[in-house]
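As the structure lists them, so they are numbered: ligands from 1, and atoms in each ligand from 1.
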Amino acid sequence: MGNKSILVVGGGISGLTAAVEAAEVGYEVYIVEKNPYLGGRVAQLNQYFPKLCPPNCGLEINFRRIKNNPKIHFFTQAEVTGVSGQEGDLEVRVKINPRYVNENCTACGKCVEVCPAERENDFNYGLDKTKAIYLPHIFAFPLKYVIDSRACRGKECGKCLEACAYGAIDLDMQPKEMALKVGSIVWATGWNPYDASKISYYGFGRYKNVITNVMMERLASINGPTGGRIVRPSDGKPVEKVAFVQCAGSRDENHLPYCSGICCLASLKQATYVLEQNPAAQAYIFFIDIRALGKYEDFYARVKDNPNLHLIKGKAGEITEDPETKDLIVVAEDQVTQKLMKERFDMVVLATGMVPATREARPPVEMAFDGNGFVVGGANGVYGAGCVHRPMDVASCVQDATAAALKAIQSTLGR
Ligand SMILES: Cc1cc2nc3c(=O)[nH]c(=O)nc-3n(C[C@H](O)[C@H](O)[C@H](O)COP(=O)(O)OP(=O)(O)OC[C@H]3O[C@@H](n4cnc5c(N)ncnc54)[C@H](O)[C@@H]3O)c2cc1C
């Protein structure tokens, strides 16, 4: 018999699913997550297509299953540094980075009131800042503060230490190393947004009102940088006219040669955010072809009939900025009318695709990859799950992760 423990790397929806599925049939599961919270990129979404419900409902159910299951152990701010052994009998080395906040934290927030240092808020994709001591987001699990050591002024400042009535802050915390013995591994480290600044002709990074689809999720979220008001980053004005530029870097040999499959649905969803907030607003989607596969055809049909949503078949060729107003001018050829369009917008949202996390950070264990860095299948006790395999929606990730959990279970049984 092999070792009946499973390691899950990545605590996004795929990793959480694999973990609870394996633990609920009796396996000991360890989740190693690099962020200070579980939930992955789904926690950063405003609503889920197709139902347009808040993603925290789905995550919350998984967090409850984790809290109630003594077989699941999770480590945040942790990464796998090495793997040795063979299928059924693997030894994994894990590094846990210091949180500088211990279990006594009640998330009262007194520390934030006195902290003088700031950092860019990565949860909101840089749209605002947090203090050096911060709660990653209001639904964070675990609900505990964390200190960003790159921004913190340390003991010389020490204001948070004085403000914390619970003795929860420990600036002397050190990184820890540990070894885990497991039978198999599920690798579920997900995806990163394609770097939009590489598409120079769209002006991301140069023009403040050009944002990406992941930033739009945060702008529309009640726990986002504007409390859910969709406003222009340049001047805080509510948006009246927004363009969504599809395939921003996708299906393009110079950037990502593949289609991420979810960007058309994400833009249709985000158009509903704009049009619900301001029914008089106008939303334009510039597309090559709308990809709403399978059951998502219904979602597309439901959204597209809004008279203030304009679907333009034509790839945006260039975006320029009016330096006075900071309005943006999108140039595209409408392939239906064959006319060149030059349309002015308050804001442009670039629908950038999904890049597997394994493209930039290769796992310290033998796995096979395709030319874009996606994990191909899995073997010898190490299996990919979710968006490390290919770009996927949440429902497909859940199915893929359940399959990975089953394969991982088989590996623990020995050969
Ligand atoms: C703009 C946009 C909108 C979307 N909207 C929807 C929607 O409405 N409905 C829908 O179904 N889908 C939507 N999606 C897709 C959805 O975001 C993905 O299906 C989902 O995030 C995939 O989950 P995952 O767990 O595979 O990856 P992730 O969410 O990326 O989770 C991976 C986890 O692994 C962690 N990790 C990464 N590297 C390491 C490492 N080396 N060690 C330890 N941990 C690591 C990460 O911190 C993260 O927590 C959208 C995508 C985009 C781009």
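The shortest distance between side-chain heavy atoms of Gln47 and Tyr273 falls below 4.5 Å. In this structure, Lys237 and Asp346 have side chains that are not in contact, with every pair of non-hydrogen atoms separated by 4.5 Å or more.
Ligand-side atoms of ligand 1 in range of Met392: 15 (C), 18 (C), 19 (O), range being under 4.0 angstrom from any heavy atom. Each of the atoms 43 (C), 44 (N) of ligand 1 lies under 4.0 Å from some heavy atom of Val32. Interface atoms of ligand 1 facing Ala188, defined by a heavy-atom separation under 4.0 Å, are 32 (C), 33 (C), 34 (O). Of all atoms in ligand 1, numbered sequentially from 1 with element shown, those under 4.0 Å from a heavy atom of Arg41 are 21 (O), 28 (P), 29 (O), 30 (O). Annotation for ligand 1: atoms under 4.0 Å from non-hydrogen atoms of Val9 are 42 (N), 43 (C). Atoms of ligand 1 lying under 4.0 Å from at least one heavy atom of Gln47, given by number and element, are 8 (O). Per-residue contacts place Ile262 under 4.0 angstrom from the following atoms of ligand 1 (heavy atoms of the residue considered): 50 (C), 51 (C), 52 (C), 53 (C).
The shortest heavy-atom distance from Cys397 to ligand 1 is under 4.0 Å.
Here the options are Val330, Ile319, Val245, the test is side chain to side chain contact (heavy atoms under 4.5 Å, CB included), and the partner is Val210; only Ile319 passes.
When ring centroids are compared, Phe49 and Tyr296 come within the 6.0 Å threshold. Ring centers of Phe374 and Tyr258: under 6.0 Å apart, within the cut-off.
Residues in residues 119-145 take part in these ring-ring contact (aromatic ring centres under 6.0 Å, His included) pairs, two or more places apart or across chains: Tyr37-Phe123, Tyr37-His137, Phe63-Phe141, Phe74-Phe141, Phe123-His137.
In terms of protein heavy atoms, atom 11 (O) of ligand 1 is closest to Val394 N, 2.8 Å.
In the candidate list Val80, Asn192, Thr189, Thr189 is nearest to atom 32 (C) of ligand 1, counting heavy atoms.
Considering backbone and side-chain atoms together, Thr352 places no N or O closer than 3.5 Å to any N or O of ligand 1.
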